[in-house]
Amino acid sequence: MYFCSPKLRNMRIKQLYKHLILESKELILESKSFWDKKKEGPFDGRYFNEYFLPLVLLAGVGVFLGEIIWSDEYLISYALASAVRTIFNYLAQFFILIPILQAVQNNNGGIKDRNRTGLVLAYSLFPFVAASFITGLFPGLYVLDILGLYGFYIFIVGTKACMGLSQEHQTKYMVLSILLILLVWGMVNMVSARIVQSLYLYGS
């Protein structure tokens, strides 16, 4: 895509985000039918490049613009650091959680497939990433962060549809997985916040 003409590249980017919007709309409004389609496959890595990564980058752009627009001091370096931190948080959380969730799944049966785990996790993080974009762009709407909790419902529905867990193991897997998601989210955010803080303290 990066070696084609700017016009063609822009068209592909527009198509990519159009696809993202349509998938996100169906995911939120019709979660069960959405996962009924996804469980048929294919289970490959396309969900990352075609959905999760563009979404995370968009959240970073929202945070960057919010810092530039609403900050009392025009500090482009801080705005950029905040955007990079947002992107880092979601990517780190994603890649850390996949092997952890697979380890939990190994103890509960089901289909052992990294791409299935990644697929369910990526789409489950959509409400959190979307909330980050909105509150990053409009910090005064921080209360909307609570909407990210809808991601746990998406995770539950996606797990039931795609992971092949028996009924007796589903509840245990989902409860433990949600607790681990919260734990990893908290740790990644704490570490990234301290890194940014230390950089600015050192710089000052």
Side-chain angles (χ1 to χ4, degrees), residues 1-4 8-28 30-31 33-64 83-106 110-134 136 148 150-164 173-174 177-178 180-185 187-189 191-192:
M1 184 171 75
Y2 296 100
F3 297 101
C4 59
L8 182 57
R9 185 163 61 243
N10 289 336
M11 287 178 60
R12 290 182 176 179
I13 292 173
K14 289 179 181 178
Q15 289 174 352
L16 180 65
Y17 278 98
K18 183 179 179 180
H19 167 74
L20 187 151
I21 291 170
L22 291 175
E23 282 228 299
S24 299
K25 181 180 177 181
E26 185 179 4
L27 176 65
I28 293 297
E30 303 175 35
S31 292
S33 62
F34 175 87
W35 285 115
D36 283 340
K37 295 176 185 176
K38 289 296 180 183
K39 71 181 181 181
E40 303 299 330
F43 294 99
D44 52 32
R46 284 183 296 178
Y47 69 87
F48 183 82
N49 291 328
E50 295 181 1
Y51 187 81
F52 186 67
L53 183 59
L55 188 68
V56 169
L57 293 176
L58 191 61
V61 171
V63 171
F64 177 80
V84 170
R85 181 192 168 212
T86 297
I87 295 169
F88 168 81
N89 284 351
Y90 283 112
L91 293 180
Q93 182 181 4
F94 178 79
F95 287 112
I96 291 171
L97 278 169
I98 287 180
I100 292 175
L101 295 182
Q102 284 194 297
V104 175
Q105 189 180 335
N106 288 341
I111 303 171
K112 299 174 180 63
D113 184 341
R114 179 183 177 87
N115 283 322
R116 285 177 183 260
T117 303
L119 181 77
V120 173
L121 180 61
Y123 283 102
S124 300
L125 289 173
F126 165 72
F128 295 98
V129 182
S132 293
F133 172 77
I134 296 172
Y150 187 72
F152 292 129
Y153 170 75
I154 294 173
F155 180 80
I156 290 170
V157 178
T159 295
K160 289 181 177 179
C162 298
M163 303 310 296
Y173 172 79
M174 289 186 292
S177 295
I178 288 173
L180 288 168
I181 289 171
L182 290 171
L183 176 63
V184 171
W185 175 84
M187 291 178 62
V188 169
N189 274 271
V191 169
S192 64

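This one's a predicted model, so the numbers in the text were calculated from it and none came from an experiment. Just the heavy atoms: all of them, side chains too, but no hydrogens, waters or symmetry mates, feed the values below.
- Here the shortest heavy-atom pairing between Gly60 and Ile87 reads CA-CG1, 3.9 Å.
- Residue pairs meeting the salt bridge (charged side-chain N to carboxylate O under 4.0 Å, His left out) criterion with at least one partner in residues 45-55, sequence neighbours excluded, are Asp44-Arg46.
- Surrounding NZ of Lys112 are more than 12 heavy atoms belonging to other residues, nucleotides or ligands, all under 6.0 Å away.
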For residues 150-164, run the donor-acceptor check on the side chains, cut-off 3.5 Å, and write out each pair with its distance to 0.1 Å, sequence neighbours left out.
residue, atom, partner, partner atom, Å
Tyr150, OH, Ile28, O, 3.0
Tyr150, OH, Ser31, OG, 3.4
Thr159, OG1, Phe155, O, 2.8

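- Separation of atoms CZ (Phe88) and CG (Asn189) is listed at 9.5 Å; rounding is to 0.5 Å.
- Of all the heavy atoms in Leu125 and Gln93, the pair that sits closest is CD2-NE2, 4.0 Å.
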**Item:** Candidate pair Asn89 and Val56, rule side-chain contact (heavy atoms from CB on, under 4.5 Å), full reasoning
**Value:** CA-CA 9 Å; Asn89 284 351; Val56 169; over 6 Å; no
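- The CD1 atom of Ile178 sits 14.0 Å away from the CG atom of Leu183 when rounded to the nearest 0.5 Å.
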**Request:** Any chance you could lay out the side-chain contact (heavy atoms from CB on, under 4.5 Å) test for Phe48 and Leu91, step after step, and finish with the verdict?
**Result:** CA-CA 10 Å; Phe48 183 82; Leu91 293 180; 4.0 Å; yes
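- In terms of the side chain to side chain donor-acceptor pair (under 3.5 Å) criterion, Tyr173 has no residue partners (sequence neighbours excluded).
- Heavy atoms of other residues, nucleotides or ligands lying less than 6.0 angstrom from CH2 of Trp185 number 12 at most.
- Contact check for Trp35 versus Val120: side-chain heavy atoms found under the 4.5 Å cut-off.
- Residues satisfying the side chain to side chain donor-acceptor pair (under 3.5 Å) criterion with Asn115, sequence neighbours excluded, are absent altogether.
- Residue pairs meeting the salt bridge (charged side-chain N to carboxylate O under 4.0 Å, His left out) criterion with at least one partner in residues 88-99, sequence neighbours excluded, do not occur; the list is empty.
- Rounding to the nearest 0.5 Å gives a distance of 12.0 Å between OG1 of Thr86 and CZ of Phe133.
- The shortest side-chain heavy-atom distance between Met187 and Ile96 does not fall under the 4.5 Å cut-off.
- Rounded to the nearest 0.5 angstrom, Leu58 CG and Leu53 CG are separated by 11.0 Å.
- From Met174, atom CE reaches atom CD1 of Ile181 across 11.5 Å, with rounding to the nearest 0.5 Å.
- Partner of Phe52 under the ring-ring contact (aromatic ring centres under 6.0 Å, His included) criterion, chosen from Tyr90, Phe94, Phe126: Phe94.
- Among residues at least two apart or in separate chains, side-chain hydrogen bond (donor to acceptor under 3.5 Å, both in side chains) pairs with a member in residues 120-131 are Glu23-Tyr123, Lys38-Tyr123.
- Looking at every heavy atom in both residues, Pro54 comes nearest to Leu20 through CB-CD1, 3.9 Å.
- Shortest non-hydrogen contact noted between Gly118 and Ile98 is CA-CD1, 3.9 Å.
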